[in-house]
Amino acid sequence: MTAHAIDATATRQFGDNRSMRPANTSAQTLTLTRPDDWHLHVRDGDALHTVVPHTAAQFGRAIIMPNLRPPVTNVMQALAYKARILAAVPEGMTFEPLMTLYLTDHLPPDEIARAQEAGVVAVKLYPAGATTNSDAGVTDVRKTYKTLEAMQRAGVPLLVHGEVTAPEVDLFDREAVFIDTQLIPLRRDFPELKIVFEHITTREAVQYVQQSDRYLAATLTAHHLLFNRNALFTGGLRAHYYCLPVLKRETHRQALLAAATSGSAQFFLGTDSAPHPVHLKEHASGCAGCYTAHAALELYAQAFDSVHALDKLETFASFNGADFYGLPRNTGILTLQRAPWTVPDCFAFGEATLKPLCAGETLSWRVVNRQSLWGITATSA
Ligand code: NCD
Ligand code: ZN
């Protein structure tokens, strides 16, 4: 059954008794316009067959990150990658990968027109060395100015991994320093370039976005809304909570949650689900990235529910991103039910194994109109 197969005329509702209770505090079901994931890693090859169905079961579209090895730096590569992703969408599911290009010091400005023509929707800036597969990233943003000019003219958004990489900057300060030394000058030089400040993790980033104009927006991950940096160290070193930008202290998590649930159009859903094989996570120098696509909406629902803001989830998950990108909102629906379930311990991942975030733990919300995946049978709402 597809998300669309559910009774499309069902009344949109927040719980069984909305009129009697304030702020959905005891809602039992939640029906949203089908959401989109505005920041996603699906990798390549056999791995696609595990992770693409997880995302397609919940989301109508997803912005696909280009940090493959080698990175996706031209339109031909992006279209070939899109075809491989579509081939991994199970029969009967509808899902649209929104492709991006990886910005290098040498991405030619005329590739932007070709990108636009081919439906490639954005360009991703990784400062060289900032994260997984970012070696080919930008060494000095001024080297990309001609390409950024072309993007500003064409209205193609720049997606930014907002962390500096200088070794003298403390790892926990990388995002705040990026705002001051990179983002502020960049926005001054390109005031009408649409920018998405990806996976923000700090109060400073929230405040900076809030005080900016409509050309700047930010994505927020479920894991940064749910966990602070203690999660990395509770009961031992916990590799599966390691991602970049790294989890921050509780005051920052609170600021992110307030932003996500504020209703502001500048904040929207981007899971940054970033799968790595378990043997490379549980390793002396473990890879950065949390896998969350298996339970994306469930994790966001848990975060929003924790501050009694489920009524704000649809705007964040299904409207704000599409509006910022200038794309139509989805027409299908997705229904969550308050029904405890246990996250599977692992998934096959090509020849390897993938351990999801919250493996073996109980989550309170569950998407009920997903397609049958790993033994959870679809039920209708
Ligand atoms: C991402 C990955 O593994 O590709 N890792 C992560 O920790 N988020 C890259 C990224 O988005 O930084
Ligand atoms: Zn990412």
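The shown structure was predicted, so the numbers you read here are calculated from the model rather than taken from an experiment.
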Does some side-chain heavy atom of [Y] sit less than 4.5 Å from a side-chain heavy atom of [X]?
X	Y	value
V138	P127	no
L310	W365	yes
V196	F268	yes
R229	V246	no
I112	R153	no
Y291	H240	no
L220	F316	yes
F319	E314	yes

[X] side chain to [Y] main-chain N or O, any donor-acceptor pair under 3.5 Å?
X	Y	answer
H276	A288	yes
H41	R43	no
W341	T362	no
E175	T202	yes
E192	Q152	no
Q182	G162	no
T100	I64	yes
N330	G332	no
T144	V141	yes
R34	F59	yes

**Basic-acidic side-chain contact under 4.0 Å: R142, D189** = no
**Message:** Any salt bridge linking E149 with K146? Criterion: basic side-chain nitrogen under 4.0 Å from a carboxylate oxygen.
**Reply:** no
Are [X] and [Y] connected, step by step, through hydrophobic side chains (Ile, Leu, Val, Met, Phe, Trp, Tyr) whose heavy atoms are closer than 4.5 Å?
X	Y	result
I200	L158	yes
L297	M93	yes
L48	M99	yes
V120	L86	yes
L159	L103	no

I need the [X] [atom1] to [Y] [atom2] distance, nearest 0.5 Å.
X	Y	atom1	atom2	result
D37	I63	CG	CD1	9.0 Å
K124	L107	NZ	CG	14.5 Å
L125	L148	CG	CG	8.0 Å
T271	H54	OG1	NE2	13.0 Å

**Within residues 175-205 or reaching into it, pairs that qualify as ring pair (Phe, Tyr, Trp, His ring centres under 6.0 Å) - sequence neighbours excluded** = H39-H199, Y145-F190, H161-H199
**Complete:** Those residues at least two apart in sequence (or on a different chain) that pass side chain to side chain donor-acceptor pair (under 3.5 Å) with K143 are T139
**Complete:** Residue set satisfying side chain to side chain donor-acceptor pair (under 3.5 Å) with D323, at least two apart, ordered chain then number -> R329
**Asked** Excluding sequence neighbours, so at least two apart, what forms side-chain contact (heavy atoms from CB on, under 4.5 Å) with A136?
**Response** P71, Y102
Please list, one pair per line, the donor and acceptor atoms closer than 3.5 Å that link side chains of residues 251-260 to other protein atoms, with sequence neighbours excluded.
{"residue": "H252", "atom": "ND1", "partner": "R203", "partner atom": "N", "Å": "2.9"}
{"residue": "R253", "atom": "NE", "partner": "E250", "partner atom": "OE1", "Å": "2.9"}
{"residue": "R253", "atom": "NE", "partner": "E250", "partner atom": "OE2", "Å": "3.4"}
{"residue": "R253", "atom": "NH1", "partner": "L225", "partner atom": "O", "Å": "2.7"}
{"residue": "R253", "atom": "NH2", "partner": "E250", "partner atom": "OE2", "Å": "3.0"}
{"residue": "Q254", "atom": "NE2", "partner": "E250", "partner atom": "OE2", "Å": "2.7"}

Check: [X]/[Y] side-chain N/O donor and acceptor closer than 3.5 Å:
X	Y	answer
R187	Y208	yes
K312	T261	no
Q337	T29	no

**Request:** Mind listing the closest non-hydrogen atom pair of T165 and A128 along with its distance?
**Result:** CG2-O, 3.5 Å
**Request:** For atom CD of E351, decide whether the heavy atoms of other residues, nucleotides or ligands shown that lie under 6.0 angstrom number more than 12.
**Result:** no
**Message:** Around atom CZ of R249, are there more than 12 heavy atoms from other residues, nucleotides or ligands closer than 6.0 Å?
**Reply:** no
**Request:** Report the C-alpha separation of E111 and N74 in whole Å, then their side-chain angles, then the decisive distance to 0.1 Å, and conclude whether the side chain to side chain contact (heavy atoms under 4.5 Å, CB included) test is met.
**Result:** CA-CA 7 Å; E111 194 68 7; N74 63 51; 3.3 Å; yes
**Message:** Through direct or indirect side-chain contacts below 4.5 angstrom among Ile, Leu, Val, Met, Phe, Trp and Tyr, which residues connect to M76?
**Reply:** none
**Prompt:** Does the separation of the ring centres of W38 and F324 fall below 6.0 angstrom?
**Reply:** no
**Request:** Applying side chain to side chain contact (heavy atoms under 4.5 Å, CB included), run through Q302 and D305 and close with a yes or a no.
**Result:** CA-CA 5 Å; Q302 191 123 346; D305 201 10; 5.7 Å; no
